[in-house]
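The block underneath contains the structure these notes are about, expressed in structure tokens.
Atoms within each ligand, like the ligands themselves, are counted from 1 in listed order. Computation of the quantities below employed the complete heavy-atom set of this structure, encompassing side-chain atoms and omitting hydrogens, waters and symmetry-equivalent molecules. Keep in mind that what you see is a predicted model, and the values were worked out from it rather than measured. Positions are given from 1, in the same order as the sequence printed here.
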Amino acid sequence: MALEDSEPDLAHIWHTVMLDLADSGIPAKERGFLQIARLVGVLGDTALIAVPFDNTKTAVESTLAEPVRTSLSRAVGRDLTIAVTVDQSLRGTESSETAEDLAEAQAIAADDVPTLTLVDSYTEQPPAPRPFDSAPPQGAAQPISQRPSTSGHGPAMVTERDDTRLNPKYTFDTFVIGAGNRFACAAAQAVAETPARSYNPLFIYGDSGLGKTHLLHAIGHYVRSYYPQSRVRYVNSEEFTNDFINSIRDDKASSFQKRYRDNVDVLLIDDVQFLQGKESTQEEFFHTFNALHNSEKQIVLTSDQPPKQLNGLEERMRSRFEWGLTTDVKPPDLETRIAILRKKAITDRIEISDDVLSLIADKVPSNIRELEGALIRVAAYGSVTQSQVDPALAAHVLKDLVPSASAGQVTAPLIMRETARYFGVTIDELCDASRSRTLVNARQVAMYLCRELTDLSLPKIGQYFGGRDHTTVMHADRKIRQLLPERHSLYDQISELTQIVRRAATSGNS
Ligand SMILES: Nc1ncnc2c1ncn2[C@@H]1O[C@H](COP(=O)(O)OP(=O)(O)OP(=O)(O)O)[C@@H](O)[C@H]1O
């Protein structure tokens, strides 16, 4: 399925539905429910409708389902199924009187349905038993947004079993929803609530740094919290490839298959674009995919491009990726960027004024990883110089970090070369196993800069540094981020090196 979500069109379609239903004999109160709903998008044969309250959802899914579906199908010009999600941000839009009525109604509404379910008027058959039927969600009576945090401060399951290597910070609670990711987030929540029942596979694509990995981890945390028996595996496709190659080398094909087929209920696989051109890994992945899908295990994939454009993948793979739901994440608008920065500042206890947040959001237009990096740099500057950062100072700090339109491409080899030169070590030493203090520092700084100034994935950066594991790169990145606000000398090194690297890239000296 493809996403078609041009916003004005959606509003227009919904308006047409309202007009259509005005004479349909639906009682005014129930039509009122629809007035406060919004059409979020139409994906293939599914229309996603957002409503502010659970009782509205129940109404749209029951008595209103058929008239809405029929009218929407007419407006869009093809037969649709509808899916309904609760979006609390819509609550502010109705009159307080209506909101009160609805809130009261909500309080008494029997509410044990998942937040987002498919309403398919053609499906009369009861669903077949699935791996998740034996472990009903413990908190399924509440919508995701009202359930206990799954951030690691919430249910113990999240931190107890860390074999999935999920980042505790990447949860639905910490994910800021905006126009560019609303649909993807709703789909991710639907999958998390009812794995293997809503969309299988779910395929999320978009440019680097727009939250795809965050959503994958959020699904993982959520499933682990609410289906404690389930086995969740998160893997980057480069790790999958390495694992596969190692399993052949070590003659351990059966343990590989156990890990990815038999012992998995939810497979979260990041950056599938890296499977392109790798024929035998693709073959193995194809069988993994089929085995999981056939046994009704949930698969979620991310990529930098939609399935159709993954030319280095076999056609049978690409078409399977489209079996479920395909949705994209788009760059956030200015308001969403500010909201993301504000949330991050609160989470990390960074004191920073709103006008500085606005300036950062203005200077970093798309990549959210860069946006966070910019916030960290500015906050670190304020901390090491013990000064109150104002917008002018923030603009100065960001001068070299944020590339100008004419800036050249920064690559990992360029960063490694300049970092090695700066610290008086060799590139070979950056890649080998030696652990002298200077080398460890230089290596971690170089890895941090690769993460900050390029779009390279963690495994790819690890490969540049002598085939190190992606967790080593993650550790280096976190460590430098953590030390930046504390160590003046480190802050200066990073700032100087950023300038050097940017200049070398711009002068074509890479
Ligand atoms: N909507 C959001 N709300 C809060 N934080 C976000 C949001 N989107 C992205 N981020 C943060 O931005 C950073 C980059 O996101 P993430 O790694 O998920 O991007 P990605 O799309 O997977 O990128 P890549 O394709 O390079 O792997 C992460 O720290 C993530 O937490």
- Between NE2 on residue His217 and CZ on residue Phe172, distance to nearest 0.5 Å: 12.0 Å
- Query: Do Phe175 and ligand 1 have an N or O pair less than 3.5 Å apart?
  - Reply: no
- Message: Just to confirm my output: which protein heavy-atom neighbour is closest to atom 28 (C) of ligand 1, and how far is it?
- Response: Tyr170 OH, 3.4 Å
- Task: Please say whether the positively charged group of Arg443, taken as NZ for Lys or CZ for Arg, lies over the ring of Phe465, i.e. under 6.0 angstrom from the six-membered ring centre and within 45 degrees of the axis.
- Result: no
- Message: Taking 4.0 Å as the limit for heavy-atom contacts, which would you say applies to Glu372 with ligand 1: side chain only, backbone only, both, or neither?
- Response: side chain
- Can Asp304 be said to touch ligand 1, with heavy atoms closer than 4.0 Å? no
- Query: Is there a nitrogen or oxygen of Thr213 sitting under 3.5 Å from a nitrogen or oxygen of ligand 1?
  - Reply: yes
- Note on the structure: In ligand 1, the atoms that come under 4.0 Å of a heavy atom of Asn181 are 1 (N)
- Item | Distance (rounded to the nearest 0.5 Å) between Arg337 CZ and Ile360 CD1 | 11.5 Å
- Evaluate whether atom NZ of Lys308 has more than 12 neighbouring non-hydrogen atoms of other residues, nucleotides or ligands under 6.0 angstrom away. no
- Message: Considering non-hydrogen atoms of the protein only, which is the closest contact for atom 25 (O) of ligand 1, and what is the distance?
- Response: Lys212 NZ, 2.9 Å
- Between Phe274 and Lys460, is there a cation-pi geometry (under 6.0 Å to ring centre, at most 45° from the normal)? yes
- Query: Per the side chain to side chain donor-acceptor pair (under 3.5 Å) rule, which among Thr174, Thr171, Asn181 passes with His214?
  - Reply: Thr174
- Query: Is any N or O atom of Ile177, backbone or side chain, closer than 3.5 Å to an N or O atom of ligand 1?
  - Reply: no
- List the closest protein heavy-atom neighbour of atom 23 (O) of ligand 1: residue, atom name, distance to the nearest 0.1 Å. Gly209 N, 2.7 Å
- The closest protein heavy-atom partner of atom 3 (N) of ligand 1 is Val176 N, 2.8 Å
- Query: What residue and heavy atom of the protein are closest to atom 30 (C) of ligand 1, and at what distance?
  - Reply: His214 ND1, 3.4 Å
- Message: Between ligand 1 and Ile340, is the shortest N or O to N or O distance under 3.5 Å?
- Response: no
- Query: Of all the non-hydrogen atoms in the protein, which one sits nearest to atom 12 (O) of ligand 1, and at what distance?
  - Reply: Ile368 CG2, 3.2 Å
- Minimum side-chain heavy-atom gap Asn367-Asp207 below 4.5 Å: no
- Query: Among protein heavy atoms, which sits nearest to atom 19 (O) of ligand 1, and what does the distance come to when rounded to 0.1 Å?
  - Reply: Gly211 N, 3.1 Å
- Considering heavy atoms of the protein only, find what lies nearest to atom 17 (O) of ligand 1 and give residue, atom and distance to 0.1 Å. Arg369 NH2, 3.0 Å
- Message: Within a 6.0 Å radius of atom CZ on Arg261, are there more than 12 heavy atoms belonging to other residues, nucleotides or ligands?
- Response: yes
- Task: May I ask you to decide if the ring planes of His293 and Phe289 are parallel, tilted or perpendicular, using 30° and 60° as cut-offs?
- Result: parallel
- What part of Thr174, side chain from CB on, backbone N/CA/C/O, both or neither, has a heavy atom under 4.0 Å from ligand 1? backbone
- Task: Compute both the distance and the angle, then confirm whether Arg233 meets the cation-pi test with Tyr260: under 6.0 Å from the six-membered ring centre, within 45 degrees of the axis.
- Result: yes
